[in-house]
Amino acid sequence: MTITDRLDVLRPDGSTWNLCEGHDHECRTVAQVLDCLVRENLASIPPADLYGLQVEPLRIVLPGVEPFVAVFHGPSEDFPSGRTLNETGLPLCWRAVAEAAGAPAADAAESIGCPSCQHPPPAQPPAPAWEQDGHFQVGDMVQIPPADPFPAKVVWVEGDRVGIVTNPANGAQANASREQLRHVTGCAPCTADAAAQDGAEEERESAYWEQWPAEHRELHDAVMEDMQLTAGSVPNLSVCGHPSNHTRYKFGPNTPVREWMRTEFDGHMVASESPSLALGRIWDPIDWLRIEREHGDDGLTITVPWENTTWPTVRSAYALAREAGLDVVLDVDLEMDPLDDGTVGVEAIPCWMVVKGVVPDEVEEQINTILGRTPESYPHSRVLRPSYPDRPGIDYSAPYQHDTNDQTMWFWAR
């Protein structure tokens, strides 16, 4: 069998054998051709346990290499995939053949699996510093990049899990894997990787915001710069717009919104967590049914953009809770909606509904039926996790029970 300079494989009768057809090679190299030659020849030999050991010698002519004979031995108990020997009975190393024919050693090692050679596996690069044992110690200050503004303190380490205090004020803890964490300072590998992740995130974010027209982004920037804190509010008291944080905003005097929006929303808006042209988030017990009834045709749209439910469905469940006299609120994001007359309207997006206090079983069942879902534990940021030191696990396979906050939440945002 002859392999030409163009890597065509010619049978003894002169016909061409397209060895690599269907193998989806990115490029056709001598190493790939030899690998296909070995595999195809071995695959054509029946196993020894059926027909006895089968041996097929093959003379090969290859540019740059003296003609040689490869002896293909079929599959056997000791060599389930078969093997190849030279004329003297020694293992034939196809990687050495490929290198003699001009293939780079790396290409030969990557492309060819020698059935008769015990090649050691390629050396693996060492694990990153942050994945190595002992890298994180109790007391270290860490972050979870990209762009993590809240350093956390390591309080325990067990295997590849690390316990961290996320809120020193209340001692709230979480656990993370080592591969998630990077040191804040004092560790060159960690700080360099965190900086690289931050840079990549900035590029992704820049590309993300391009989905909105430049004039809309500029208008949103102007509206947000004009926002004002209401009396008694403290800026940046909490990242999450929880109603207990007492930080509220109102539209500034230069923002061209409908007057009713000032009346209904001023003093109720907190900072939105939505990566969009959001004006704010409302988690106060305001009457969304009345607001829609009175202003639904005046710059207000209420919608639920997820496929798992609709605003009419949420409206029905919300109305039922109100009719039952429950202390119910909707968590609503206010998206900026530029109107044709040059003013700013809102697209209100309810994300979830929460009831504070006891929900009668029959009312809860009716709401479950309407929404097609059961309540979820509060807060929704908790995740299923096993138990670790000082961090008991949570079994969400158990029936739902009201937690110590005595709040029941139905969540549909995805």
Just verifying a value: how many Å separate [X] [atom1] and [Y] [atom2], rounded to the nearest 0.5 Å?
X    : Y    : atom1 : atom2 : value
M353 : M409 : CE    : CE    : 10.5 Å
S44  : F72  : OG    : CZ    : 8.5 Å
N18  : C36  : CG    : SG    : 9.0 Å
D140 : L181 : CG    : CG    : 10.0 Å
H135 : Q132 : NE2   : CD    : 8.0 Å
R248 : H268 : CZ    : NE2   : 8.5 Å

[Y] versus [X], side-chain donor and acceptor atoms under 3.5 Å:
X    : Y    : result
S276 : E335 : yes
N368 : W410 : yes
D160 : S177 : no
D333 : S272 : yes
R182 : T191 : no

Are [X] and [Y] side-chain neighbours, meaning at least one heavy-atom pair lies under 4.5 Å?
X    : Y    : answer
V155 : I164 : no
F265 : V257 : no
E364 : P375 : yes
V33  : I3   : yes
V328 : V354 : no
T309 : V314 : yes
R373 : F411 : no
L34  : L62  : yes

Minimum-distance pair of heavy atoms, taken over all atoms of [X] and [Y]:
X    : Y    : value
R178 : E131 : NH2-O, 3.1 Å
A31  : D107 : CB-OD2, 3.7 Å
C351 : W306 : SG-CH2, 3.9 Å
T84  : V38  : CG2-CG1, 4.4 Å
P146 : E201 : CB-CB, 3.7 Å
G299 : L339 : CA-CD1, 3.9 Å

Within 6.0 Å of [atom1] in [X], more than 12 heavy atoms from elsewhere:
X    : atom1 : answer
R6   : CZ    : no
E307 : CD    : no
D13  : CG    : yes
Q211 : CD    : yes
D341 : CG    : yes

Run the salt-bridge test on D221 and R217 with the 4.0 Å N-O cut-off and return the result as yes or no.
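Here D221 does not pair with R217 in a salt bridge, since their nearest N and O are not under 4.0 Å apart.
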
Look only at the side chain of [X] and the backbone of [Y], and say whether a donor-acceptor pair between them is shorter than 3.5 Å.
X    : Y    : result
N86  : T88  : yes
R11  : T2   : no
D327 : K356 : no
T369 : E365 : yes

Evaluate the side chain to side chain contact (heavy atoms under 4.5 Å, CB included) criterion for residues E292 and W311: first the C-alpha distance (whole Å), next the side-chain angles of each, then the deciding distance (0.1 Å), finally the verdict.
CA-CA 11 Å; E292 182 187 37; W311 166 236; 2.8 Å; yes

What orientation do W283 and W352 show, parallel under 30°, tilted 30 to 60°, or perpendicular over 60°?
perpendicular

Students often mix this up, so state it plainly: with edges at 30° and 60°, are the rings of W212 and Y208 parallel, tilted or perpendicular?
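Perpendicular, since the angle between the ring planes exceeds 60°.
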
Determine whether S316 and T313 satisfy the following criterion, side-chain hydrogen bond (donor to acceptor under 3.5 Å, both in side chains), listing intermediate values before the conclusion.
CA-CA 5 Å; S316 297; T313 298; over 6 Å; no

Against L334, only a single residue in M261, M269, R281, E347 fulfils side chain to side chain contact (heavy atoms under 4.5 Å, CB included); can you say which?
M269

Decide yes or no on side chain to side chain contact (heavy atoms under 4.5 Å, CB included) for V270 and I282, but give the supporting numbers first.
CA-CA 6 Å; V270 298; I282 292 181; over 6 Å; no

Does the side chain to side chain contact (heavy atoms under 4.5 Å, CB included) test come out yes or no for W288 and R315, once each step is laid out?
CA-CA 9 Å; W288 285 102; R315 184 202 291 126; over 6 Å; no

T185 and M141: side chain to side chain contact (heavy atoms under 4.5 Å, CB included), yes or no, with the steps?
CA-CA 8 Å; T185 59; M141 295 303 296; over 6 Å; no

Would you sort out whether D8 and T16 count as a side-chain hydrogen bond (donor to acceptor under 3.5 Å, both in side chains), showing the intermediate values?
CA-CA 7 Å; D8 294 324; T16 301; 5.9 Å; no

